[in-house]
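Data first, discussion second: the structure below is written as structure tokens.
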Amino acid sequence: MATGRVPTTANSPLTAKGDLFSYSTAPARLAVGNDGEQIVADSSTSTGLRYTAGNPIGNPVLNSAYQIWQRGTSITGTGSTIYTADRWSTNASSSFTVTRQATGDTTNLPNIQYCARFQRTAAQTTTTAFSFVQSFETVNSIPFAGKTVTMSFYARKGANYSQASSILPSYLISGTGTDQNYQTGYTGTVLTLSNSSTLTTTWQRFTFTGTVAATATELTTYFEYTGVGTAGAADYFEITGVQLDIGSVALPFRTYAGTIQGELAACQRYYYRMVGTPSGNAFSAGFNDSTTKAVLKEPFKVSMRIPPTALEQSGTATDYAVRHAASAITTCSAVPNFVTATADESTVEFNVASGLTAGQGCVGRAATTSAYLGWSAEL
């Protein structure tokens, strides 16, 4: 076909309504897709284009760029279902540390600022498997049922990463229950996707595709790390940009909410923490129920998934105080006590040895920077 000319009926490859004129090694027809599908770039096809199912629900992986760390940006521990970065938990029978790190790479990453570093404790000789997991609510899982999906993420390893062959096993797991956490048990577990990615010390994007069962009502992204030998000082992997797309192509990375404010609010649906930084930071107002007890109403920033049933706090009474009549400040004699909660607020008791005046107003406050109040509505 001569260049610079609109194709005519005689030389056009188009044969049906909705066809698009494209190019491979010669003019080519791109047949119209199904209703609601969209065109994406795909270098594996002859024309570099393909139709794929639309993705109106966005990326269901919350905190996929590890921006939100309400529990702190360095979590060390041993045990089951320990939450680290918001919405991400681990099971570990030996010591680990998960920290927020700057990616420091705008060449191999699409301008993602942070990642999670999952590190085996230096000099550790235990070699049991660690998991790094996010389970989705049923309401966020059902739209993927029966669909072809692509899971993608960016990862790299530390200099002493010890898992055999430098692989990082990753999975998408489905279940048929309602709002379960995979680490505490799924009903009807199906291994939907499985991949072993070979890490280097440079960021790479890994993608893998499969089909979610039509009966699936819950999903989990799951990463597994089994160290070998004695852990070195840099026995870790880093991960960011975790994403799940409908279709067989990994779309450009995007977060769940698109803004940092939206991502924080989405995470606070599952967990909310008030912190005592700086020391003296006020929590909430209330009234003195007696000479030794202040009752406070703590409103949540967003409605939580379900009403919390417990209160998290520092474990030390002297981290807390009550400010009451005439600006007097009295240190607590016991840690704050959970009374009750709805999805929108919690009632908390601050107890002191003496000095309050029943019926007067008061404010609960932090006495040190270690003080915090936390509520969980995790799966």
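Annotation: the span from Tyr270 atom OH to Ser135 atom OG amounts to 10.5 Å, rounded to 0.5 Å. Distance check: Thr189 OG1 to Ile173 CD1 gives 7.5 Å after rounding to the nearest 0.5 Å. The CD atom of Glu224 sits 9.0 Å away from atom CD1 of Ile167, with the distance rounded to the nearest 0.5 Å. Atom OH in Tyr154 sits 8.0 Å away from atom CD in Gln243 (nearest 0.5 Å). Here the CZ atom belonging to Arg156 is positioned 10.0 Å from the OG1 atom belonging to Thr240, to the nearest 0.5 angstrom. Rounding to the nearest 0.5 angstrom, the gap separating the SG atom in Cys115 from the CZ atom in Arg100 is 10.5 Å.
The existence of a salt bridge linking Glu263 and Arg254 is excluded, since no basic side-chain nitrogen approaches an acidic carboxylate oxygen closer than 4.0 Å. Residues Glu378 and Arg87 are paired through a salt bridge, judged by an N-O separation under 4.0 Å between the basic side chain and the carboxylate.
If you check the side chains of Ser248 and Thr150, you find no donor sitting under 3.5 Å from an acceptor. For Ser95 and Thr121, the side-chain atoms include at least one donor-acceptor pair closer than 3.5 Å. The closest side-chain donor-acceptor pair between Ser197 and Asn195 falls under 3.5 angstrom. In this model, no donor atom of one side chain and acceptor atom of the other lie less than 3.5 Å apart for Arg29 and Ser22. In this structure, a donor-acceptor pair under 3.5 Å is absent between the side chains of His324 and Thr357. Side-chain contact of Thr178 with Thr138: a donor-acceptor pair under 3.5 Å is absent, judged by distance alone. For the 3.5 Å distance criterion, the side chains of Ser333 and Asn351 fail to qualify, holding no donor opposite an acceptor. Between the side chains of Thr230 and Thr125, no donor-acceptor pair of N or O atoms lies under 3.5 Å.
Summarising the geometry of Asn108 relative to Trp203, their closest heavy-atom pair is CB-O, 3.6 Å, with the distance given to 0.1 Å. Val295 approaches Thr347 most closely through the heavy-atom pair CG1-CG2, 3.6 Å. Taking both residues in full, the closest heavy atoms of Ser162 and Gly227 are given as OG-CA, 3.3 Å, listed atom of the first, atom of the second, then distance. Closest approach of Gln183 and Asn91 over heavy atoms only: NE2-N, 3.2 Å. Of all heavy-atom pairs between Thr318 and Thr331, the closest is CA-CG2, 3.7 Å. When all heavy atoms of Thr291 and Val352 are compared, the pair lying nearest together is O-CG2, 4.0 Å.
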(request) Could you give me the CA-CA distance, side-chain angles and deciding distance for Val133 and Thr221, then say whether side-chain contact (heavy atoms from CB on, under 4.5 Å) is met? (result) CA-CA 6 Å; Val133 175; Thr221 55; over 6 Å; no

(request) Please test Ser166 against Lys157 for side-chain hydrogen bond (donor to acceptor under 3.5 Å, both in side chains), starting from the C-alpha separation and ending with a verdict. (result) CA-CA 8 Å; Ser166 292; Lys157 68 175 183 177; 2.8 Å; yes

(request) Let me see the working for Thr97 and Ile75 under side-chain contact (heavy atoms from CB on, under 4.5 Å), right down to the final yes or no. (result) CA-CA 6 Å; Thr97 302; Ile75 308 294; over 6 Å; no

(message) Before you tell me yes or no, could you show the steps for Tyr236 and Phe118 under ring pair (Phe, Tyr, Trp, His ring centres under 6.0 Å), namely the whole-Å CA-CA distance, both residues' side-chain angles and the distance that decides it to 0.1 Å?
(response) CA-CA 5 Å; Tyr236 64 78; Phe118 194 108; over 10 Å; no

(request) Apply side-chain contact (heavy atoms from CB on, under 4.5 Å) to the pair Val363 and Phe283, showing each step before the final yes or no. (result) CA-CA 7 Å; Val363 174; Phe283 291 121; over 6 Å; no

(message) Is there a side-chain hydrogen bond (donor to acceptor under 3.5 Å, both in side chains) between Arg205 and Ser152? Walk through the geometry before answering.
(response) CA-CA 7 Å; Arg205 193 181 199 192; Ser152 59; 3.2 Å; yes

(message) Is there a side-chain hydrogen bond (donor to acceptor under 3.5 Å, both in side chains) between Ser93 and Thr128? Walk through the geometry before answering.
(response) CA-CA 7 Å; Ser93 59; Thr128 52; 2.5 Å; yes

(request) Show your reasoning for whether side-chain contact (heavy atoms from CB on, under 4.5 Å) applies to Phe206 and Ser170. (result) CA-CA 10 Å; Phe206 301 97; Ser170 48; over 6 Å; no

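Between the side chain of Thr316 and the main chain of Asp319, no donor-acceptor pair closer than 3.5 Å is present. A donor-acceptor pair under 3.5 Å is formed between the side chain of Asp19 and the backbone N or O of Ala16. Of the possible donor and acceptor atoms, none in the side chain of Asn288 sits under 3.5 Å from a partner among the backbone N and O of Thr292.
The cationic group of Arg365 does not satisfy the cation-pi geometry with Tyr320, failing either the under 6.0 Å distance to the six-membered ring centre or the 45° limit from the ring axis.
Between Phe132 and Tyr225, the gap from one ring centroid to the other reaches at least 6.0 Å. Two rings, from Phe153 and Phe223, have their centers less than 6.0 Å apart. A ring-centre distance under 6.0 Å is found for Tyr66 and Trp88. Taking the centre of each ring, Tyr271 and Tyr83 stay at or above the 6.0 Å mark.
Remark: Glu218 pairs with no residue by the salt bridge (Lys or Arg N to Asp or Glu O under 4.0 Å) rule, at least two apart or across chains. For Asp179, the salt bridge (Lys or Arg N to Asp or Glu O under 4.0 Å) partners two or more places apart in sequence, or in a different chain, are Arg305.
Note: Phe96 and Phe130 have perpendicular aromatic rings, judged against thresholds of 30 and 60 degrees for the angle between ring planes. Aromatic ring pairs are classed by plane angle as parallel below 30°, tilted from 30° to 60° and perpendicular above 60°; the pair Tyr182 and Tyr186 is perpendicular.
Only one option out of Gln134, Gln268, Gln70 pairs with Asp86 in a side-chain hydrogen bond (donor to acceptor under 3.5 Å, both in side chains); it is Gln70.
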